[in-house]
Amino acid sequence: MTATQDRPDTAPPAAEHHDVLIVGAGLSGVGAACRLQQELPGKGYAILEAREDLGGTWDLFRYPGIRSDSDMYTLAYPFRPWRGRKSIADGADILSYIRETADAFGVRDHIRLGTKVVGASWDSDTARWTVDTQTAQGPKRFTCSFLFLCSGYYDYDTGYQPEFPGMSDFAGTWIHPQFWPTDLDATGKKVVVIGSGATAVTLVPALARTAEHVTMLQRSPTYLTVLPSQPPAADRLRRLLPPKVAHALLRLGFALGTQVFYQVARRNPEKVKGMLRGLALKFLGDESYVDQHFTPSYEPWDQRLCVIPEGDFYRSIKDGSASVVTDRIDRVTEKGIRLASGEELEADIIVSATGLSLKPMGGLTVHVDGEQVDIGKTVTYRGLMLSGIPNLAFCIGYINASWTLRADLVARYVPRLLGLMERENLAIATPLPSVEPDRPLLDLESGYVKRSEHLFPRQGRSEPWRLRQNWLLDAIGLGRANLKQDMLFTPASALGARSARVTPPSQAGIAVDGAGQAGEHAQQQVSA
């Protein structure tokens with residue numbers, strides 16, 4: 001075969017390069033892009049989004065009644081005031097807010113829709129990530145100097161669905177809320193919602209408006225709290241002050257209120273239990289019913305609290321359009337669900353609100369210098385980078401407060417790091433662990449977290465190797481954090497030799513400890 005015959009007829013298209021690639025065009029990804037534009041306007045970037053529109057979670061979930069489970073003053077971006085009347089907002093309004101923000105900041109022009117990231121490979125010789133994607137037109141490759149993952153922590157393609165005996169026998173409609181059919185009509189139907197989390201308590205009152213009856217079937221109770229959907233004080237403040245000032249004050253007030261409540265719950269759980277029980281009694285009035293169905297066996301905030309605006313869930317039970325059954329499923333039957341007690345719940349529609357399947361980093365495969373990284377064996381650095389993985393950040397929110405409170409802090413930290421690297425002509429930044437990981441990243445007892453915690457990074461108990469669940473400390477600490485603490489930097493002038501992964505700091509990298517001195521761990525291998 002000749003040399004000409006050896007060559008393909010057409011060369012593969014060149015990879016599209018950007019300074020920064022953001023993965024995910026949801027609430028976090030759009031916010032990250034806005035912050036990058038604001039703080040490092042010279043950086044070129046693109047956002048890779050697997051779906052055919054932006055919005056992330058709020059574009060995916062379309063079930064009846066979908067809404068925020070955090071107030072919008074903290075879920076909204078601090079740089080773009082929330083102007084809606086509802087503090088606990090409907091999903092459609094949140095989606096519109098994200099899209100309007102993207103348009104206002106020119107972010108939409110940077111989004112590559114229908115581009116699913118499947119793998120990312122780092123090369124130390126060139127200080128570049130190669131990112132492989134799948135599109136409707138086939139595979140496409142991108143490269144970047146810094147990779148920023150804003151893809152959330154759950155699987156968009158698959159919800160968690162336990163295998164209940166007899167599921168195939170059911171003659172009615174079986175639905176998972178993550179994939180709600182647009183043509184479903186529950187009017188006059190008997191509906192059973194399996195689950196007791198945020199999705200279930202949202203669905204029940206929404207479906208109960210038209211259904212014959214809705215039954216929430218729970219294996220065990222969940223803590224619920226009641227909040228106003230339109231706080232009067234917020235309306236007054238927004239009438240008196242300019243939008244940005246009012247938004248900043250409301251954001252601070254709601255954030256601090258959430259933090260105080262969390263700390264009280266952890267330090268004085270009996271007091272909070274009594275308060276939550278009192279709320280349930282206020283709406284339902286039946287002590288035995290409340291004690292049977294709304295008294296969890298765990299402490300408040302061992303699992304995330306569910307918010308019910310205006311007590312709508314309790315109201316639907318009080319008016320008889322909905323009810324709660326606490327029992328275990330024996331099997332699914334043709335007509336509904338037979339319980340362990342022997343009772344059978346008849347149903348035309350069964351909604352399996354059984355939770356999410358978690359997937360770290362959007363499920364992409366990560367390689368560093370040819371070696372695949374086991375994300376579950378890495379340690380989180382300031383809750384936004386990973387040990388041994390260069391030039392990569394990820395976004396994850398709080399478990400005890402609004403997602404955006406932390407997402408925005410991460411989105412501001414990344415430009416700070418990139419700015420330092422640009423000023424000092426540093427090509428590579430790799431966190432080097434100085435502690436042993438001894439805690440899961442998501443420290444919750446919820447089943448959906450426990451099922452997948454081995455897939456996620458670990459954390460330590462000391463800075464900077466922990467993910468704090470305290471917005472106030474993070475708001476102060478992350479903004480002033482020593483960017484060089486426990487970090488190996490490689491100057492751009494030292495690129496080219498793969499041996500830089502184990503090169504002493506005098507030749508290629510500088511590992512800096514909290515005091516700003518070269519650390520002894522600088523000679524450690526940088527790969528994961």
Side-chain angles (χ1 to χ4, degrees), residues 25-27 49-69 86 88-99 113-114 116 136 152 154-164 166-218 308-309 312-313 315-317 319-323 325 329 332-337 344-357:
L27 190 65
E49 170 55 52
R51 296 174 57 77
E52 294 302 326
D53 206 343
L54 60 88
T57 294
W58 302 104
D59 180 58
L60 173 67
F61 285 93
R62 302 294 180 94
Y63 59 80
I66 182 171
R67 63 198 180 202
S68 63
D69 64 350
K86 287 186 177 181
I88 305 298
D90 299 332
D93 292 336
I94 301 171
L95 181 59
S96 295
Y97 172 79
I98 297 170
R99 290 174 175 172
L113 296 173
K116 181 178 178 62
Y154 69 89
D155 190 339
Y156 274 48
D157 299 323
T158 307
Y160 176 64
Q161 178 57 70
E163 283 298 319
F164 300 117
M167 286 174 62
S168 60
D169 296 338
F170 182 56
T173 303
W174 187 285
I175 305 165
H176 193 286
Q178 192 166 328
F179 310 102
W180 196 270
T182 56
D183 59 349
L184 181 74
D185 184 4
T187 302
K189 304 290 180 65
K190 296 176 182 177
V191 183
V192 173
V193 178
I194 304 172
S196 60
T199 302
V201 300
T202 299
L203 276 166
V204 168
L207 293 170
R209 295 186 192 112
T210 59
E212 177 183 330
H213 189 79
V214 181
T215 303
M216 187 176 88
L217 172 58
Q218 60 180 10
I308 46 175
D312 60 355
F313 173 74
R315 292 177 192 278
S316 66
I317 296 171
D319 67 22
S321 61
S323 58
V325 172
I329 295 173
V332 180
T333 67
E334 180 183 358
K335 295 183 178 180
I337 297 175
E344 184 162 359
L345 300 176
E346 291 189 9
D348 302 301
I349 299 170
I350 295 177
V351 182
S352 187
T354 45
L356 305 169
S357 291

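For Phe313, the ring-ring contact (aromatic ring centres under 6.0 Å, His included) criterion is met by no residue, not counting sequence neighbours. In terms of the ring-ring contact (aromatic ring centres under 6.0 Å, His included) criterion, Phe170 has no residue partners (sequence neighbours excluded).
Rounded to the nearest 0.5 Å, atoms CG (Leu356) and CD (Gln178) are 6.0 Å apart. Interatomic distance, Ile94 CD1 to Ile66 CD1, rounded to the nearest 0.5 Å: 7.5 Å. In this structure, OG1 in Thr199 is found 13.5 Å from CD1 in Ile194, a value given to the nearest 0.5 Å. Of the inter-residue distances, the one linking Ile175 atom CD1 with Ile349 atom CD1 reads 5.5 Å to the nearest 0.5 angstrom. One finds the NZ atom of Lys190 at 4.0 Å from the CD atom of Glu346 (value rounded to the nearest 0.5 Å).
Residue-environment remark: NZ (Lys189) exceeds the threshold of 12 foreign heavy atoms within 6.0 Å.
In terms of modelled atom types and a separation under 3.5 Å, the side chain of Gln218 and the main chain of Ser196 share no donor-acceptor contact. For Asp185 (side chain) and Thr187 (main-chain N/O), a donor-acceptor pair under 3.5 Å exists by modelled atom type.
The aromatic rings of Phe61 and Tyr63 sit perpendicular, their planes meeting at an angle over 60°, well past the 30° parallel limit.
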Show every donor-acceptor pair shorter than 3.5 Å between a side-chain atom in residues 200-213 and any protein atom, with sequence neighbours excluded, or say none if there are none.
{"residue": "Thr202", "atom": "OG1", "partner": "Ala198", "partner atom": "O", "Å": "2.8"}
{"residue": "His213", "atom": "ND1", "partner": "Gly320", "partner atom": "O", "Å": "3.2"}
{"residue": "His213", "atom": "ND1", "partner": "Ser321", "partner atom": "O", "Å": "3.4"}
{"residue": "His213", "atom": "NE2", "partner": "Ser323", "partner atom": "OG", "Å": "2.8"}

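In this structure, Asp59 pairs ionically with Arg51, as a charged nitrogen and a carboxylate oxygen lie closer than 4.0 Å.
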